[in-house]
Number of protein chains: 2
Amino acid sequence: MSKNILKLSNQVCFPLYAATRQITKLYRPMLEKLEVTYPQYLVLLVLFEDVSVTVKELGERLYLDSGTLTPMLKRMEEHGLVERKRSSKDERVVEVSLTEKGRSIEKKAEEIPNRFSKEIHLEQDEFDELKRLLTKILDQV
Amino acid sequence: MSKNILKLSNQVCFPLYAATRQITKLYRPMLEKLEVTYPQYLVLLVLFEDVSVTVKELGERLYLDSGTLTPMLKRMEEHGLVERKRSSKDERVVEVSLTEKGRSIEKKAEEIPNRFSKEIHLEQDEFDELKRLLTKILDQV
DNA sequence: AACAATTAAATTGTGTACAATTTAATTGTA
DNA sequence: TACAATTAAATTGTACACAATTTAATTGTT
């Protein structure tokens with residue numbers, strides 16, 4: 001009845017919320033070897049694709065705001081992974097790029113998605129469908 | 001090539017991570033009317049099902065530990081939503097239950113999942129499949 | 001040029017998350 | 001019964017996450 005609507009087991013959001021955190025935990029030991037957290041790893045992924053991005057661009061790509069990114073990027077800077085530089089063209093803008101050390105992690109970072117997909121026992125088409133559905137949600141909100 | 005493995009767009013974890021946060025944002029305005037956060041809402045859902053649960057049980061149901069739950073439950077207690085009581089049988093255990101005020105939210109809380117599913121434009125079978133895949137992941141990790 | 005409007009980051013404040021440790025109570029075993 | 005091992009919460013410390021505000025630079029308009 002109406003009560004069932006509220007059952008945890010009937011919600012989509014709850015398994016989404018829980019699975020995300022459990023998977024992040026799965027990533028943790030691998031990421032610890034690179035001395036980064038999962039959100040920091042995502043920043044690296046963006047910077048492996050593009051040599052330099054602004055904080056604003058990073059925020060748009062990762063769905064994060066400056067309140068999250070600014071302190072995180074400062075931590076990554078302290079760890080010697082990235083460089084933050086005010087744009088000379090527009091002093092409001094901060095350009096983020098990899099340091100030599102940050103760049104040197106790329107090889108090790110490549111191994112992670114593979115090892116991960118081995119720990120999650122989904123068929124390839126299940127992976128694809130999951131990604132499709134999540135991306136569809138992301139495009140709508 | 002090997003580089004593509006690291007592309008954000010090729011990862012499952014990233015849309016999972018991002019979609020979770022975007023959906024939580026969607027929930028926020030509705031939950032604000034009840035004066036609870038999303039994780040607090042989950043605690044309420046458990047307590048709508050079971051009159052009383054221990055912190056340990058809550059942690060198992062929501063995949064959270066006492067480091068997260070203890071301060072959260074204290075906040076909910078301060079807001080008059082729940083009651084925390086040491087078990088007399090076993091003084092180590094804390095039993096959590098709804099107050100009158102907490103119980104009174106149930107009707108309003110019931111409306112949320114419906115409104116939510118209208119904002120996310122997925123077919124019923126897509127919803128079901130998404131839930132199935134996420135639950136499968138949760139069961140494995 | 002002057003200045004209001006806009007924009008990009010940074011800051012502030014609150015609330016999760018979680019690893020690791022601590023505290024206190026209970027249980028198992030010599 | 002003593003007391004080591006285990007267990008449940010709480011605590012400590014670090015790192016997101018995000019709403020709301022602030023700061024500083026740039027742009028648009030008169």
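Numbers restart at 1 for each chain; the letters A, B, ... are given by sequence-line order, proteins then strands.
Checked by atom type and distance alone, the side chain of D125(A) never pairs as donor or acceptor with a backbone atom of D128(A) at under 3.5 Å. Judged by distance alone, with hydrogens and angles left aside, the side-chain atoms of K101(B) form a donor-acceptor pair with the main-chain N or O of H79(B) at under 3.5 Å. With hydrogens and angles disregarded, no donor-acceptor distance shorter than 3.5 Å links the side chain of R84(B) to the backbone of E95(B). A distance-only check finds a donor-acceptor pair linking the side chain of T99(A) to the backbone of G80(A) [under 3.5 Å].
Protein atom CD of E91(B) is 19 Å distant from nucleotide atom P of dT23(C), rounded to whole Å. Here dT6(C) presents its P atom at 15 Å from NZ of K56(A), a figure rounded to the nearest Å. Atoms CG (L73(B)) and P (dT16(C)) sit 10 Å apart, rounded to a whole Å. At whole-Å resolution of the value, CG in L26(A) and P in dC18(C) are 12 Å apart. Atoms CD (E60(B)) and P (dC18(C)) sit 15 Å apart, rounded to a whole Å. The separation between L69(A) atom CG and dT11(C) atom P is 14 Å, rounded to whole Å. Rounded to whole Å, the distance from CD on E78(A) to P on dC16(D) is 11 Å. What separates NZ of K89(B) from C1' of dA8(D) is a distance of 15 Å, to the nearest Å.
When both pairing distances are held under 3.5 Å, dT30(D) makes a Watson-Crick or G-U pair with dA1(C). With a cut-off of 3.5 Å on both pairing distances, the Watson-Crick or G-U wobble partner of dT29(C) is dA2(D). Under the Watson-Crick or G-U wobble criterion, with both distances below 3.5 Å, dT16(C) is paired with dA15(D).
Remark: the S66(A) side chain and the dA10(C) base include a donor-acceptor N/O pair separated by less than 3.5 Å.
Comparing dA9(C), dA19(C), dA25(D) against the side chain of T54(A) picks out dA9(C) as the nearest. Out of dA19(D), dA15(D), dA10(D), the shortest distance to the side chain of V55(B) is found at dA10(D). Residue V94(B) has its side chain nearest to dA9(D) when only dA8(C), dA9(D), dG15(C) are considered. With distances taken from any side-chain atom of D65(A) to the nucleotides dA19(D), dA19(C), dT16(C), the minimum falls on dA19(D). When distances are taken from the side chain of L64(A) to each of dC18(D), dT6(D), dA19(C), the shortest belongs to dC18(D). Ranking dC16(D), dA17(C), dA10(D) by closeness to the T70(B) side chain, first place goes to dA10(D).
T37(A) has a side-chain polar atom (N or O) that falls below the 4.0 Å cut-off from OP1 or OP2 of dC16(D). Phosphate proximity of dT14(D) to R75(A): absent, as no side-chain N or O sits under 4.0 Å from OP1 or OP2. For dA10(D), one of the phosphate oxygens OP1 or OP2 lies less than 4.0 angstrom from a side-chain nitrogen or oxygen of R84(B). Residue R86(B) places none of its side-chain N or O atoms closer than 4.0 Å to OP1 or OP2 of dA9(D). In this structure, R28(B) does not reach the dC18(D) phosphate: none of its side-chain N or O atoms is under 4.0 Å from OP1 or OP2. Distances shown here put a side-chain N or O of K74(A) below 4.0 Å from the OP1 or OP2 atom of dT11(C).
Few gaps surround CD on Q140(B); more than 12 heavy atoms of other groups in view lie less than 6.0 Å from it. In E60(A), the CD atom is crowded: over 12 heavy atoms of neighbouring residues, nucleotides or ligands sit closer than 6.0 Å.
Projected onto DNA chain C by closest heavy-atom contact, D90(A) and Y17(A) fall at different nucleotides, the more 5' of which corresponds to D90(A).
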